Amino acid sequence: MAATDRRDSVLHTLTAGIAELTSSDAWRSWLEVQGRFHSYSFGNCLLIARQRPDARRVAGFHTWRRLGRTVRCDEKGIWILAPMTRRVAGDSTEDDAEQRSRRVLSGFKAVPVFDIAQTDGTPLPPMPAQRLQGEAPERAYERLVAVAQNIGYVVKEDYLPGERNGDCSYADRRIRVEVTNDRAQQVKTLAHELAHAMLHEGFTDRALAELEAESVTYVVCNAIGLETDAYSFGYVAGWAGGGDEAIAGIKAAAARIQQTADRILESIETCEELAT
């Protein structure tokens, strides 16, 4: 089977796994909770990042209470801007009373939100993406480190905030990997961050970036003998917004995903040849 055909087959397996996952009870439970959280504007995301860089999931005081969690009394709010509206008269000829008046934006007010780390209470259902356990294929991690060095990046193992498994700094040309994770997860994370390094400097669409990076990871890890189904299916679907959206996104980005996976795998082969 040609390399391109193998990559197509692997991407087909990924989309099939996502479709199966997103019809499960675990996925529906996760979506029900996700629906309680607002999508924040770019400006508010900047405000959140500036005040609490390690924030993972934020909501207002009352939303947390409805989710069975309470904000601890000594916690400081993360201040964002919420729109204010007022009702104005509409077209007096409309039959429907609702149509005869409408709400318009009148300004913004500062309101506090809180990160989940500032709350206690009922655990939220996790995204169906399970960290990989156990060992990785022999020298897989070292091979990916060599790939990173080949494109001008340094790899560091570190204790990362929150539940991060890794990150990529384009400015510092640095990839970090969570030191406490098992080797299998570290290899998957390193492949994911390598995909970001190769594809996403200056990229603004976070959801698409995560879909592409984890899809590349799935292809690369499959080729080196590491199964990432337990993590990749849920991760891709979570960022893409669901089964159909994820599958459509993978199909639309298939060429970029395959080309980047090929670059990583070819670089692994080149590094191996130079080392022998």
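Quick note: numbers below take in every heavy atom, side chains included, and nothing from hydrogens, waters or symmetry partners. The shown structure was predicted, so the numbers you read here are calculated from the model rather than taken from an experiment.
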For the pair Leu21 and Ile18, evaluate side-chain contact (heavy atoms from CB on, under 4.5 Å) and give the outcome as yes or no after the intermediate values.
CA-CA 5 Å; Leu21 170 69; Ile18 290 169; 5.7 Å; no

Gap separating the CG atom of Asp229 from the CD atom of Gln130, nearest 0.5 angstrom:
11.0 Å

For a side-chain contact (heavy atoms from CB on, under 4.5 Å) with Tyr218, tell me which candidate from Thr13, Ile250, Leu11, Val236 qualifies.
Thr13

Donor-acceptor check, side chain of Gln51 to backbone of Trp79, threshold 3.5 angstrom: yes or no?
yes

Test side-chain contact (heavy atoms from CB on, under 4.5 Å) on Leu132 and Val187 and set out the steps.
CA-CA 10 Å; Leu132 305 185; Val187 167; over 6 Å; no

Report the C-alpha separation of Val111 and Ile80 in whole Å, then their side-chain angles, then the decisive distance to 0.1 Å, and conclude whether the side-chain contact (heavy atoms from CB on, under 4.5 Å) test is met.
CA-CA 6 Å; Val111 298; Ile80 64 172; 3.8 Å; yes

CG on Asp115 to CD1 on Ile48, rounded to 0.5 Å:
9.0 Å

The complete set of salt bridge (Lys or Arg N to Asp or Glu O under 4.0 Å) pairs with one or both residues in residues 147-157, sequence neighbours excluded, reads Glu157-Arg183

Any side-chain heavy-atom pair of Leu81 and Asn44 under 4.5 Å:
yes

Test your reading of the model: is there a side-chain donor-acceptor pair from Arg72 to the backbone of Thr119, 3.5 Å cut-off?
yes

Euclidean distance, Glu193 CD relative to Tyr153 OH, rounded to 0.5 Å
10.0 Å

Would you confirm whether Glu178, through its side chain, and Thr180, through its main-chain N or O, come within 3.5 Å as a donor-acceptor pair?
yes

Trace of the side-chain contact (heavy atoms from CB on, under 4.5 Å) decision for Ile224 with Leu265:
CA-CA 9 Å; Ile224 64 177; Leu265 293 170; 4.1 Å; yes

Taking Thr15 for its side chain and His12 for its backbone only, find out whether a donor-acceptor pair lies under 3.5 Å.
yes

Donor-acceptor check, side chain of Asn165 to backbone of Gln186, threshold 3.5 angstrom: yes or no?
no

For the backbone of Ala59 and the side chain of Thr63, can you confirm whether one donor and one acceptor N or O come within less than 3.5 Å of each other?
no

Could I get the full list of ring pair (Phe, Tyr, Trp, His ring centres under 6.0 Å) partners for Phe203, not counting sequence neighbours?
His200

Between Arg263 and Thr260, do the side chains contain a donor N or O and an acceptor N or O under 3.5 Å apart?
no

Gap separating the CG atom of Asp120 from the CD atom of Glu75, nearest 0.5 angstrom:
8.5 Å

Only one of Leu144, Leu199, Val216 clears side-chain contact (heavy atoms from CB on, under 4.5 Å) with Leu194; which?
Leu144

Within the distance-only criterion (no hydrogens, no angle test), does the side chain of Asp182 pair as donor or acceptor with the backbone N or O of Gln185 below 3.5 angstrom?
no

Gap separating the NE2 atom of His196 from the CD1 atom of Ile175, nearest 0.5 angstrom
9.5 Å

Is Val155 linked to Val179 within one hydrophobic cluster, defined over Ile, Leu, Val, Met, Phe, Trp and Tyr using a side-chain heavy-atom separation of less than 4.5 Å?
no

Answer yes or no: is there a donor N or O on one side and an acceptor on the other, between the side chain of Trp64 and the main chain of Phe114, under 3.5 Å?
yes

Is Lys188 salt-bridged to Glu214, going by a charged N under 4.0 Å from an acidic O?
yes

Pro123: side chain to side chain contact (heavy atoms under 4.5 Å, CB included) partners, not counting sequence neighbours
none

For residues 231-260, pull every pair meeting salt bridge (Lys or Arg N to Asp or Glu O under 4.0 Å), keeping only residues two or more places apart or in separate chains.
Glu212-Arg256

Please examine the side chains of Gln259 and Asp262, heavy atoms only from C-beta on, and report whether any two atoms are closer than 4.5 Å.
no

Tell me, please, which residues at least two apart from Tyr231 pass ring pair (Phe, Tyr, Trp, His ring centres under 6.0 Å).
Tyr235

Can you get from Met84 to Leu47 by hopping between Ile, Leu, Val, Met, Phe, Trp and Tyr side chains that sit under 4.5 Å apart?
no

Rounded to the nearest 0.5 angstrom, the CD-NZ distance for Gln118 and Lys76 is 11.0 Å

Check for me, please, whether Met198 and Val154 land in the same ILVMFWY cluster - side-chain distances under 4.5 Å, paths through other members count.
no

Could you work out the complete set of other residues in the hydrophobic cluster of Leu160, with links drawn between I, L, V, M, F, W and Y side chains under 4.5 Å apart?
none

